[in-house]
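First comes the structure, then the notes that go with it.
In what follows, every chain begins at residue 1, and chains take the letters A, B, ... in the order their sequences are listed.
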2 protein chains.
Amino acid sequence: MSGPPPKGWQAIQDEVLRRIHARDWPPGHVIPGEVDLAREFGCARATVNRALRALAEAGLLERRRKAGTRVALHPVSRATVEIPVIRREIEDRGHAYGYSLLERSLAPPPAGPRATLGPGPALHLTALHSADGAPYVVEDRWISLSTVPAAHDAPFDRVSANEWLLAYAPFTHGDIAFSAEAASDSQAELLSTAPGTPVFAITRVTWDHTRAITVVRLIYAPGYSIHSVIGGMSADPRAAS
Amino acid sequence: MSGPPPKGWQAIQDEVLRRIHARDWPPGHVIPGEVDLAREFGCARATVNRALRALAEAGLLERRRKAGTRVALHPVSRATVEIPVIRREIEDRGHAYGYSLLERSLAPPPAGPRATLGPGPALHLTALHSADGAPYVVEDRWISLSTVPAAHDAPFDRVSANEWLLAYAPFTHGDIAFSAEAASDSQAELLSTAPGTPVFAITRVTWDHTRAITVVRLIYAPGYSIHSVIGGMSADPRAAS
DNA sequence: CCGATTAATATGTCTATACATAATTCCATG
DNA sequence: CATGGAATTATGTATAGACATATTAATCGG
């Protein structure tokens, strides 16, 4: 059942975790220095450093030079949400992926997107992704033509912008927001539901360094939810079986 | 404006990142081995390892023994969402935090929570958190008394279970889900809105090893949204200024 | 008593080397 | 040709030692 007892830096990580949990080291407590722990565990300081650094990245420890390492007061739990490409998300769930482009036009973006894309004309796309024929998510996207001029000649009728952009205009960083909204008339019709129905929405902006690439709103069909785990020290992708 | 050019493993990370982005190393490409890169950059292999491991943890590289390191086909963007204590979340936004316990009872949990907490009696709490007097979120919680017997004698009238549990029953791991829901009649009244209004909901289960601690549903007032960043290689807490 | 300088210290990082481990490749054998 | 196993190889981890850096603590001068 339980695998073999971990060796090396993971063993140290587990022991430190145990002490935090057992309240040997309560929140706020300054734990022994790396040198002391290395002596106690009979290993090199670098090994202790590896273990403590991982715990600090996970938010359980706070480390500062000279001040030492202390147990975090507020164990800020971080949930790591994976945002896959829509096609993969659907196919991974074992459904048949469907895509249809609903609108493709050049226009000055409205107030929201304009604030990030600028006033110049941008490419506006509306598309519907479906799973096993059932509507899954409505994609409402604005693409900056100054940042991605190649988008001007891309048809987006077979391959969604969601995938095309990843291949032709990778982003360096982005911003994402999750919210609950009421389905508009048009969204409701596309999603085969009633106007005003609560729907899960993702609003995302992606950048290439300082240039905004695209602003997209994803309106998911009712019932959609995002799952994630928190805490699990074995944040290993393989562990998510 | 831009700080000094990074030295050490971060410089290597930046250069690798640049090559990925510049398509010198397109998605799927197997990049040179650590030994080669170490020679090229004139540093130790451990330094290259540090840089590549960080990029792999960020999801941009896929590493396998013997097979080598390749640029990820699907740059699975991970958004790290921080889940603070509600009081902190409100106070950090500069608002006055308010809390009121609405209900506290012992009862067998309904179907949903029962699946994780078991059939035995559990503590049921309903509470409202407010910001500057305005309703912020409704907390609907079930606490396992077999896992946390001390909860039986806690009043929860001044300190919310949200905070009490962190202090007296820390969790090892958990599961969290985000969704959009229609406000029920009672929720709508508490949140000063109309029934059926779309509201953002968080459902969370936390565990202490194999024993479930609590199941909680947080129903946020309309307009609530969760923000996060993706990609940003400087996932340093201090950078979030 | 306060402020500026200096010393002390814990973490951060790098190096060189070594061995461990997983996976692929290749080859001998049936 | 299939197949089992050994050689190969790239990453994973550990080590001791060294220097860098950020901060706190101590010390000195006014």
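- Shown here are the ring-ring contact (aromatic ring centres under 6.0 Å, His included) partners of F41(A), two or more places apart in sequence or in another chain: there are none.
- Annotation: proximity of residues 26-41 of chain A to DNA chain C (heavy atom, distance under 4.0 Å) is found for G33(A), E34(A), numbered in ascending order.
- Separating the NZ atom of K7(A) from the C1' atom of dT21(C) is a distance of 15 Å, rounded to the nearest angstrom.
- In this structure, R63(A) places its CZ atom 12 Å from C1' of dT13(C), rounding to the nearest Å.
- Ring geometry for F178(A) against F178(B) counts as parallel: the plane angle stays under 30°, on a 0 to 90° scale with 60° as the upper cut.
- Applying the salt bridge (charged side-chain N to carboxylate O under 4.0 Å, His left out) rule to pairs touching residues 155-173 of chain A yields R87(A)-E163(A), sequence neighbours excluded.
- When the local axes at the two ends of the helix from dC1(C)-dG30(D) to dG30(C)-dC1(D) are compared, using 5 base pairs at each end, they differ in direction by 0° after rounding to 10°.
- Listed pair T47(A) / dT15(D) meets the phosphate criterion, a side-chain N or O lying under 4.0 Å from OP1 or OP2.
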In residues 204-214 of chain B, what donor-acceptor pairs under 3.5 Å come from side-chain atoms, sequence neighbours left out?
unit_1, atom_1, unit_2, atom_2, d
R211(B), NH2, S146(B), O, 3.1
T214(B), OG1, R141(B), NH1, 3.3
T214(B), OG1, W142(B), O, 2.8

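- Applying the salt bridge (charged side-chain N to carboxylate O under 4.0 Å, His left out) rule to pairs touching residues 41-53 of chain A yields E34(A)-R45(A), sequence neighbours excluded.
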Indicate every side-chain donor-acceptor pair of residues 93-101 of chain B with a distance under 3.5 Å to a residue at least two apart or in another chain.
unit_1, atom_1, unit_2, atom_2, d
Y97(B), OH, H129(B), ND1, 2.7
Y99(B), OH, F156(B), O, 2.8

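- Checking the phosphate oxygens (OP1, OP2) of dA10(C), no side-chain nitrogen or oxygen of T69(A) falls inside 4.0 Å.
- V16(A) is not listed as a side-chain neighbour of V48(A), based on a closest heavy-atom distance of 4.5 Å or more.
- With sequence neighbours excluded, no residue forms a salt bridge (charged side-chain N to carboxylate O under 4.0 Å, His left out) with D132(B).
- Nearest nucleotide to the W9(B) side chain, out of dC14(C), dT15(C), dA16(D): dC14(C).
- Here dT24(C) presents its C1' atom at 13 Å from CZ of R70(B), a figure rounded to the nearest Å.
- Residue N49(B) has no polar side-chain atom (N or O) positioned under 4.0 Å from OP1 or OP2 of dT13(D).
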Counting primed atoms, P, OP1 and OP2 as sugar-phosphate and everything else as base, the B/S/- map of nucleotides 18-27 of chain D against protein heavy atoms under 4.0 Å is B--BSBB---
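- For E40(A), the salt bridge (charged side-chain N to carboxylate O under 4.0 Å, His left out) partners are R19(A), not counting sequence neighbours.
- Projected onto DNA chain D by closest heavy-atom contact, G68(B) and R50(A) fall at different nucleotides, the more 5' of which corresponds to G68(B).
- Separating the CD1 atom of I12(A) from the P atom of dT13(D) is a distance of 13 Å, rounded to the nearest angstrom.
- If you measure from atom CG of L52(B) to atom C1' of dT13(D), you get 15 Å, rounded to the nearest angstrom.
- The side-chain hydrogen bond (donor to acceptor under 3.5 Å, both in side chains) pairs that include a residue from residues 24-33 of chain B number zero, where partners must be two or more places apart or lie in different chains.
- Computed from coordinates, the R53(B) CZ to dT13(C) P distance equals 11 Å when rounded to whole Å.
- Scored by the side-chain contact (heavy atoms from CB on, under 4.5 Å) test, S179(B) finds S225(A), E181(B), A201(B) as partners (sequence neighbours excluded).
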